[in-house]
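Down below is the structure, laid out as structure tokens.
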Amino acid sequence: MNATHGSLVIAAVALLGAAVPRALSAQGAVKVDPSWVTIRASDSTVEFRLVAGMTPANGGMNFDGATGGSLTLTVPVRWHVTLHFRNDDENMPHSAEVTVAKAPVPAMPDPKPVFGGAESKDASQGVNAGTKQDLHFTADQPGTFMIECAVPGHGAAGMWVRLVVSETAAKPEVHAGPPTP
């Protein structure tokens with residue numbers, strides 16, 4: 001594939017991704033499973049299960065069945081976070097990286113995660129189905145971020161969920177939809 005063809009493919013995926021999340025949200029909300037989150041307040045640690053391609057939603061380009069920010073993980077600032085990342089998509093490789101929230105989501109994600117350790121191995125290439133990786137980081141700056149697939153075009157196609165690092169949250173939580181005020 002030459003550079004021009006590759007750019008066209010990424011542009012097409014980005015355009016497709018702009019329409020897909022709206023269509024999916026019309027089909028119903030993501031169902032949150034409480035087992036996705038384990039909280040250890042004693043050492044300010046939260047563990048979150050993050051499964052790529054868990055459902056066929058968005059052609060498998062989803063985390064825990066959510067696309068386009070339709071799932072939000074809120075974490076108090078300075079908490080330790082472990083993302084238990086797994087790719088269940090039999091059709092394509094995926095990855096996970098915490099990036100600055102941008103609209104529109106760029107086809108090429110940031111080359112460096114927001115927090116040290118907040119990126120799966122070979123993030124721009126992704127990993128094959130069945131691969132498991134743990135990402136460990138400290139959420140040491142408040143703000144709204146994205147956990148996105150860093151394979152080029154996947155984030156722009158809707159493969160991202162929200163991460164809110166809050167100065168006011170008492171404990172971590174996960175819920176369907178955008179951040180609550």
Side-chain angles (χ1 to χ4, degrees), residues 10 13 17 21 30-40 43-102 105-141 143-165 172-176:
I10 290 172
V13 168
V30 172
K31 295 194 183 337
V32 175
D33 182 339
S35 72
W36 294 349
V37 179
T38 303
I39 299 169
R40 289 196 323 261
D43 63 352
S44 301
T45 298
V46 60
E47 298 180 31
F48 181 67
R49 187 194 75 187
L50 185 70
V51 180
M54 186 173 97
T55 71
N58 198 27
M61 288 197 284
N62 64 77
F63 287 119
D64 297 332
T67 63
S70 62
L71 185 71
T72 300
L73 172 63
T74 301
V75 177
V77 71
R78 291 181 289 288
W79 272 56
H80 308 289
V81 179
T82 299
L83 298 178
H84 297 292
F85 170 70
R86 182 178 81 226
N87 184 9
D88 279 2
D89 187 343
E90 295 287 334
N91 298 311
M92 60 184 112
H94 295 297
S95 64
E97 178 181 10
V98 178
T99 63
V100 173
K102 295 180 182 175
V105 177
M108 299 297 291
D110 289 330
K112 187 176 173 187
V114 173
F115 306 107
E119 176 182 49
S120 58
K121 186 177 178 194
D122 300 322
S124 65
Q125 300 299 311
V127 295
N128 292 325
T131 302
K132 298 176 183 179
Q133 297 179 358
D134 287 343
L135 289 65
H136 302 275
F137 62 95
T138 300
D140 57 5
Q141 57 182 301
T144 299
F145 307 97
M146 298 184 331
I147 303 171
E148 71 173 304
C149 179
V151 173
H154 288 204
M159 192 169 182
W160 62 278
V161 296
R162 298 175 204 274
L163 171 66
V164 174
V165 180
E173 67 175 26
V174 63
H175 69 272

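Excluded from the calculations below are hydrogen atoms, water molecules and symmetry mates; all remaining heavy atoms, backbone and side chain alike, are included.
A distance of 11.0 Å separates CH2 in Trp160 from CG in Leu71, rounded to the nearest 0.5 Å. Taking CD of Glu47 as the reference point, atom CG of Leu83 lies at 10.0 Å (rounded to 0.5 Å). Once rounded to the nearest 0.5 Å, the distance linking NE2 of His175 with CG of Leu73 reads 10.0 Å. Within the model, atoms CD of Glu148 and CD of Glu97 stand 6.5 Å from one another, a figure rounded to the nearest 0.5 Å. Considering CG of Asp64 and CH2 of Trp36, their distance stands at 4.5 Å, rounded to 0.5 Å.
Closest of all the heavy-atom pairs between Ala157 and Asn58 is O-ND2, 2.9 Å. Nearest heavy atom pair, residue Ala123 against residue Ser95, reads O-OG, 2.7 Å. Across all non-hydrogen atoms, the minimal contact from Arg162 to Gly68 is NH2-O, 4.4 Å. Across all non-hydrogen atoms, the minimal contact from Val30 to Ser70 is CG2-OG, 3.5 Å.
Paired with Thr82 under the rule side-chain contact (heavy atoms from CB on, under 4.5 Å), one option of His136, Arg49, Arg40 passes, and it is His136.
Asp33 is linked by a salt bridge (Lys or Arg N to Asp or Glu O under 4.0 Å) to nothing, counting only residues two or more places apart in sequence or in another chain. With sequence neighbours excluded, the residues that form a salt bridge (Lys or Arg N to Asp or Glu O under 4.0 Å) with Arg86 are Asp88. Every residue was checked against the salt bridge (Lys or Arg N to Asp or Glu O under 4.0 Å) condition with Arg78, not counting sequence neighbours, and none meets it.
Judged as a side-chain hydrogen bond (donor to acceptor under 3.5 Å, both in side chains), not a single pair has a partner in residues 115-125 (not counting sequence neighbours). For residues 65-102, the set of pairs meeting the ring pair (Phe, Tyr, Trp, His ring centres under 6.0 Å) definition, not counting sequence neighbours, comprises His94-His154.
Using a 4.5 Å heavy-atom cutoff, the side chains of Met54 and Phe63 are not in contact. Looking only at side-chain heavy atoms (C-beta outward), Phe145 and Val165 come within less than 4.5 Å of each other. Taking 4.5 Å as the limit, some side-chain heavy atom of Pro93 sits within range of a side-chain heavy atom of Asn128.
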Let me have the donor-acceptor pairs involving side chains of residues 106-116, under 3.5 Å, with sequence neighbours excluded, atom names and distances please.
residue	atom	partner	partner atom	Å
Asp110	OD1	Lys102	NZ	3.0

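No donor-acceptor pair closer than 3.5 Å links the side chain of Asp89 to the backbone N or O of Asn62.
Asp43 and Thr45 are linked by a side-chain donor-acceptor pair at a separation below 3.5 angstrom, with hydrogens and angles left out of the test.
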